Undergrad: 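Just dropping this structure here.
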Amino acid sequence: MDGVIVQAKPLSRPSLGSLLELIKPITWFAPIWAFMCGVVSSGAAPLSHWPLALAGAFLAGPLVCGTSQAVNDWFDREVDAINEPDRPIPSGRVPGRWGLWVALAGTALSFLYALTLGPWTAAAAAAGLALAWAYSAPPLRLKQSGWRGPAAVSFSYEGLAWLTGAAVMLQGPPGWPIVALAVLYSVGAFGIMTLNDFKAEDGDRALGLRSLPVILGVGPAARLACWFIAVPQGVVVGLLLAWGLPLFAGLIAALIVGQLLLMRRLLRDPKAHAPWYNATGTSVYVLGMLVSAIGVNSLAG
């Protein structure tokens with residue numbers, strides 16, 4: 001009828017596409033890559049144990065990482081309404097409490113699945129899930145701190161995933177060289193996580209979240225991030241030399257030089273160039289992770 005406005009019926013349930021967007025498949029790469037670095041560094045032959053490696057990668061990516069994204073989006077819905085209003089929850093495409101239900105179901109499913117891969121893997125998955133909730137949910141809400149938040153994410157996505165990959169292959173605790181690499185690359189990832197916070201600076205500032213770009217300023221935070229990225233890799237070079245692996249140490253050193261050149265452009269305009277650096281410098285960084293993992297694998301051989 002003329003003059004009658006027909007209102008769209010509110011969504012009662014989300015589409016599969018919206019649920020997939022909620023768990024952000026693009027974010028799965030980092031923990032899957034770190035997991036596979038752990039697999040390689042364990043000394044086991046990945047091709048000889050590919051079903052186990054594939055099962056672990058599914059745990060690290062779609063399950064644990066996907067669950068962490070759902071947890072974060074649920075508790076970050078007010079921030080996303082400012083920074084990314086088209087995200088599934090603030091846009092209404094994932095209505096009601098569906099976001100919370102996905103987070104809870106993903107947590108339970110991830111842990112039960114991890115139990116099938118052994119006690120060490122289950123323990124690592126439990127730690128990762130606990131960090132995911134601690135990062136986003138009150139009362140801890142670690143993401144409110146520019147120090148604790150990026151540290152929790154970098155350890156979960158890099159170090160813990162790396163250690164999980166090694167533990168899956170070894171069916172036991174990893175040795176000292178593997179632990180050292182996992183910890184060092186986690187510290188480096190802290191810098192990458194800090195650069196990732198630049199895109200949310202306006203929303204963080206409005207809602208009182210104390211990310212490093214907010215409390216230090218964009219320029220100082222970017223310089224600090226670069227130090228965090230570069231220095232641990234320098235320690236990796238020293239360790240590889242101490243372990244009698246000069247070729248691998250030289251390759252990592254060359255990759256560090258490449259990152260330093262990219263950092264020069266980043267620091268000219270950190271806020272504008274942070275996405276560019278995350279696509280270029282971070283790619284070089286993760287390549288170094290694999291190189292060092294191959295080096296440690298040769299020690300086991």
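Keep in mind it's a predicted model, so treat the numbers as computed, not measured.
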Undergrad: Between R13 (side chain only) and W98 (backbone N and O only), is there a donor and an acceptor less than 3.5 Å apart?
TA: no
Undergrad: Could you please spell out the steps behind the side chain to side chain contact (heavy atoms under 4.5 Å, CB included) verdict for L239 and L184?
TA: CA-CA 11 Å; L239 287 177; L184 287 167; 3.6 Å; yes
Undergrad: How long is the straight-line distance from OG of S211 back to CG of N196, given to the nearest 0.5 Å?
TA: 10.5 Å
Undergrad: Does the W33 side chain pair with the main chain of V286, one donor and one acceptor, at a distance under 3.5 Å?
TA: yes
Undergrad: Any chance you could measure L129, atom CG, to S110, atom OG, to the nearest 0.5 Å?
TA: 5.0 Å
Undergrad: Is Q171 reaching over with its side chain to a backbone N or O of V168, donor-acceptor style, under 3.5 angstrom?
TA: yes
Undergrad: Below 30° counts as parallel, above 60° as perpendicular, anything between as tilted: where do the rings of W276 and H273 land?
TA: perpendicular
Undergrad: Indicate yes or no: at least one non-hydrogen side-chain atom of R77 is less than 4.5 angstrom from one of D80.
TA: no
Undergrad: Does CH2 belonging to W101 count more than 12 external heavy atoms closer than 6.0 Å?
TA: yes
Undergrad: Under a 3.5 Å distance rule, please check whether S91 uses its side chain to pair with a backbone N or O of P88 as donor and acceptor.
TA: yes
Undergrad: Roughly how far, to the nearest 0.5 Å, is the CG atom of L247 from the CD1 atom of I252?
TA: 10.0 Å
Undergrad: Checking the side chain of S154 only, and the main-chain atoms of A151 only, is there a donor and an acceptor separated by less than 3.5 Å?
TA: yes
Undergrad: Work out which heavy atom in G99 is nearest to a heavy atom in I89; give both atom names and the distance.
TA: CA-CD1, 4.1 Å
Undergrad: Tell me if a side-chain donor or acceptor on Y277 pairs with a main-chain N or O of I192 at a distance below 3.5 Å.
TA: no
Undergrad: Are F35 and M169 linked, directly or through intermediate hydrophobic residues, by side-chain heavy-atom contacts shorter than 4.5 Å (ILVMFWY only)?
TA: yes
Undergrad: If hydrophobic clusters are built by linking Ile, Leu, Val, Met, Phe, Trp and Tyr wherever their side-chain heavy atoms come under 4.5 Å apart, do V40 and Y157 end up in the same one?
TA: yes
Undergrad: If we only count heavy atoms from C-beta on, is the T194 to L224 side-chain gap below 4.5 Å?
TA: no
Undergrad: Going by salt bridge (Lys or Arg N to Asp or Glu O under 4.0 Å), name the residues that satisfy it together with R87, two or more places apart in sequence or in a different chain.
TA: E21, D73
Undergrad: Locate the shortest heavy-atom distance separating A81 from P85; write the atom from each residue and the value.
TA: O-CB, 3.6 Å
Undergrad: Please report the closest heavy-atom contact between A125 and A114, naming both atoms and the distance.
TA: CB-CB, 3.5 Å
Undergrad: Flag the pair L195 / I229 as yes when at least one side-chain heavy-atom distance between them is below 4.5 Å, and no otherwise.
TA: yes
Undergrad: Do T67 and I23 come close enough that some side-chain heavy atom pair is under 4.5 Å?
TA: no
Undergrad: Just say parallel, tilted or perpendicular for the rings of W243 and W176, cut-offs at 30° and 60°.
TA: perpendicular
Undergrad: Starting from L131, can I reach W120 by hopping between I/L/V/M/F/W/Y residues whose side chains sit under 4.5 Å apart?
TA: no
Undergrad: Once rounded to the nearest 0.5 Å, what's the spacing between atom CG of L112 and atom OG1 of T107?
TA: 10.5 Å
Undergrad: Between P25 and L20, what is the shortest heavy-atom contact and its length?
TA: CD-O, 3.2 Å
Undergrad: For this output row, return yes or no: ring centroids of F75 and Y135 closer than 6.0 angstrom.
TA: no
Undergrad: Between R141 and D76 (salt bridge meaning N to carboxylate O under 4.0 Å), is one present in this structure?
TA: yes
Undergrad: Please say yes or no: joined through hydrophobic side-chain contacts below 4.5 Å, possibly via intermediate residues, are V231 and L241 part of one cluster?
TA: no
Undergrad: Quick one, V296 and F248 - any side-chain contact, counting heavy atoms below 4.5 Å?
TA: no
Undergrad: What is the distance from atom CZ of R97 to atom CH2 of W74, rounded to the nearest 0.5 Å?
TA: 5.0 Å
Undergrad: Do you know the tightest heavy-atom contact between V102 and A70?
TA: CG1-CB, 3.9 Å
Undergrad: Would you say Y285's side chain and Q259's backbone share a donor-acceptor pair under 3.5 angstrom?
TA: no
Undergrad: Do I256 and V237 have side chains that get closer than 4.5 Å, going by heavy atoms?
TA: yes
Undergrad: Does the side chain of P232 reach to within under 4.5 Å of the side chain of F190, using non-hydrogen atoms?
TA: no
Undergrad: S41 side chain to G38 main-chain N or O, any donor-acceptor pair under 3.5 Å?
TA: yes
Undergrad: Within the 4.5 Å heavy-atom criterion, are Y113 and F58 side-chain neighbours or not?
TA: yes
Undergrad: Does L260 belong to the same Ile/Leu/Val/Met/Phe/Trp/Tyr cluster as L262, with side-chain heavy atoms less than 4.5 Å apart forming each link?
TA: yes
Undergrad: Quick one: closest heavy-atom pair of L115 and A122, and the distance?
TA: CD2-CB, 3.6 Å
Undergrad: Any side-chain donor paired with an acceptor under 3.5 Å for K24 and N72?
TA: no
Undergrad: Measuring from atom CG of L287 to atom SG of C37, what distance do you get when rounded to the nearest 0.5 angstrom?
TA: 9.5 Å
